[in-house]
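One structure below.
Reckoned from all heavy atoms, side chains included, excluding hydrogens, waters and symmetry mates. Throughout, a chain's letter reflects where its sequence line sits, starting with A, and its residues are numbered from 1.
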Amino acid sequence: MEYVNYDNLKVTAATEIQNNLREKILIQPRTCPVNVIAGTDISFNKFSTTVYAGIILLRFPELTPIGYSLVKKEVHFPYVPGYLAFREVPALMDAWEQLPLKPDLLVVDGHGIAHPRRMGVASHFGVLANAPTIGCAKKVLCGQYEEPAPAQGSHSPLIFKNEAVGAVLRTKNAVKSVFVSPGHQMDVESALDIVTQCIGRYRIPEPTRLAHHLVNQFRLGEINEGYKDLS
DNA sequence: GCGACAG
DNA sequence: ATCTTGTCGC
């Protein structure tokens, strides 16, 4: 597929890209060891076309930060449910290319295959970066599920069109669940296992939570663009 | 037509 | 997503 800039795409063209990229998604048990895991997120000011993207690297399973990559970019593709990748992936790819070392796996904010066309932002990024990814979202996009039991660690399958596309996970006692789904080079069971191991003290698993904090600091001018080594 | 709708 | 105010609980 030839290079296309997402900024001037119409939704119908974006759908076509998703339908093409979908064939490249690999759903399989994760086999490679995970020593370094990453969290990704985007921050922006309402009504602004500037997005602040970040990828934070954490040692696994300790979850201690070892570095981060920050990039600022202009985006013009609007937010349309089901097309989040067209706003986030370009900036994330820049942040990815800036990393001096690549993580073994990334936890992306948003869904993976738990998507109307099985091409959520985590799958989209995973295919383009050719890296294992997991989608971790705070809200459902599509599919049916039973609410997991109130106890931390409880989970239930997320079903879409008669297929288990992800899992609903209770990360802490009596808090709202999060939605986990494979992005690329991953399956539901592996994704659930990894995210469960990423639970720290808060509702949002550490990779995503720290990435969110990072890009927010970046947007507010508290830290600068570029790669920073923390090890 | 109606309801749902990641960030 | 971001912004804001208020409340609950350790």
Side-chain angles (χ1 to χ4, degrees), chain A residues 6-7 9 11 14-15 17-18 21-22 25 39-56 70-93 95 106-127 133-145 147 150 152 158-161 165-169 171-184 188 191 195 200-205 207-222:
Chain A
Y6 293 167
D7 285 343
L9 284 184
V11 171
T15 303
I17 289 174
Q18 291 182 328
L21 285 179
R22 182 175 54 236
I25 298 176
T40 79
D41 197 14
I42 297 287
S43 179
F44 57 90
N45 290 307
K46 204 173 182 178
F47 307 129
S48 168
T49 55
T50 303
V51 296
Y52 300 80
I55 299 178
I56 185 164
L70 294 171
V71 161
K72 189 167 78 163
K73 198 177 181 75
E74 291 297 303
V75 271
H76 291 103
F77 194 96
Y79 170 67
V80 181
Y83 299 86
L84 177 64
F86 296 88
R87 278 181 64 73
E88 303 210 342
V89 167
L92 285 180
M93 284 304 299
L106 301 98
V107 180
V108 178
D109 64 308
H111 293 95
I113 62 169
H115 177 279
R117 290 166 297 285
R118 304 176 76 210
M119 268 308 294
V121 61
S123 298
H124 196 128
F125 178 80
V127 167
T133 57
I134 293 170
C136 182
K138 294 178 287 301
K139 294 187 287 190
V140 69
L141 175 60
C142 66
Q144 299 289 307
Y145 62 95
E147 201 60 55
Q152 173 171 23
L158 176 59
I159 309 292
F160 182 62
K161 291 186 174 176
V165 294
V168 188
L169 172 66
T171 53
K172 304 302 284 184
N173 288 175
V175 299
K176 285 194 301 177
S177 302
V178 299
F179 300 81
V180 179
S181 61
H184 185 48
V188 174
V195 172
R201 173 168 187 199
Y202 306 90
R203 176 198 172 217
I204 304 302
T208 302
R209 189 182 70 84
L210 294 175
H212 186 269
H213 183 231
L214 186 74
V215 293
N216 223 24
Q217 288 185 103
F218 179 31
R219 177 177 58 86
L220 297 173
E222 295 167 15

*Would you say the side chain of A:E88 lies within less than 4.5 Å of the side chain of A:D109, judging by non-hydrogen atoms?*
yes
- Message: Treating A:Q18 as the side-chain partner and A:G82 as the backbone partner, does any N or O pair qualify as donor plus acceptor under 3.5 Å?
- Response: yes
- request: With heavy atoms under 4.0 Å as the rule, sort A:Y83 into base, sugar-phosphate or nothing.
  value: base
Please check the phosphate of C:dC3 (OP1 and OP2 only) for any side-chain N or O of A:R219 closer than 4.0 Å. yes
Report yes if a side-chain nitrogen or oxygen of A:Y79 is closer than 4.0 Å to either non-bridging phosphate oxygen (OP1 or OP2) of C:dA1; otherwise report no. no
(message) Counting the atoms with a prime plus P, OP1 and OP2 as sugar-phosphate, which does A:K46 contact under 4.0 Å by heavy atoms, base, sugar-phosphate, or nothing?
(response) base
Looking at A:N216, I'd like to know whether one of its side-chain N or O atoms comes within less than 4.0 Å of OP1 or OP2 on C:dA1. no
Taking C:dT2, B:dC5, B:dA6 as options, the one with an atom nearest any side-chain atom of A:V140 is B:dC5
Rounded to whole Å, the CG-P distance (A:N45 to B:dG7) equals 18 Å
message = Let's go through A:Q152 and A:T171 carefully: what are the C-alpha distance in whole Å and the side-chain angles of both, what is the deciding distance for side-chain hydrogen bond (donor to acceptor under 3.5 Å, both in side chains) to 0.1 Å, and is it a yes or a no?
response = CA-CA 5 Å; A:Q152 173 171 23; A:T171 53; over 6 Å; no
So, is A:K138 close to the B:dA6 phosphate, meaning a side-chain N or O under 4.0 Å from OP1 or OP2? no
Below 4.0 Å: OP1/OP2 of C:dT2 and any side-chain N or O of A:H212 | yes
Here the distance between atom P of C:dC10 and atom OH of A:Y202, to the nearest Å, is 16 Å
Report which part of the nucleic acid A:G82 touches: base, sugar-phosphate, or nothing (heavy-atom distance under 4.0 Å, all strands). base
Quiz item: What do you reckon, is NZ of A:K172 surrounded by more than 12 foreign heavy atoms closer than 6.0 Å?
Solution: yes
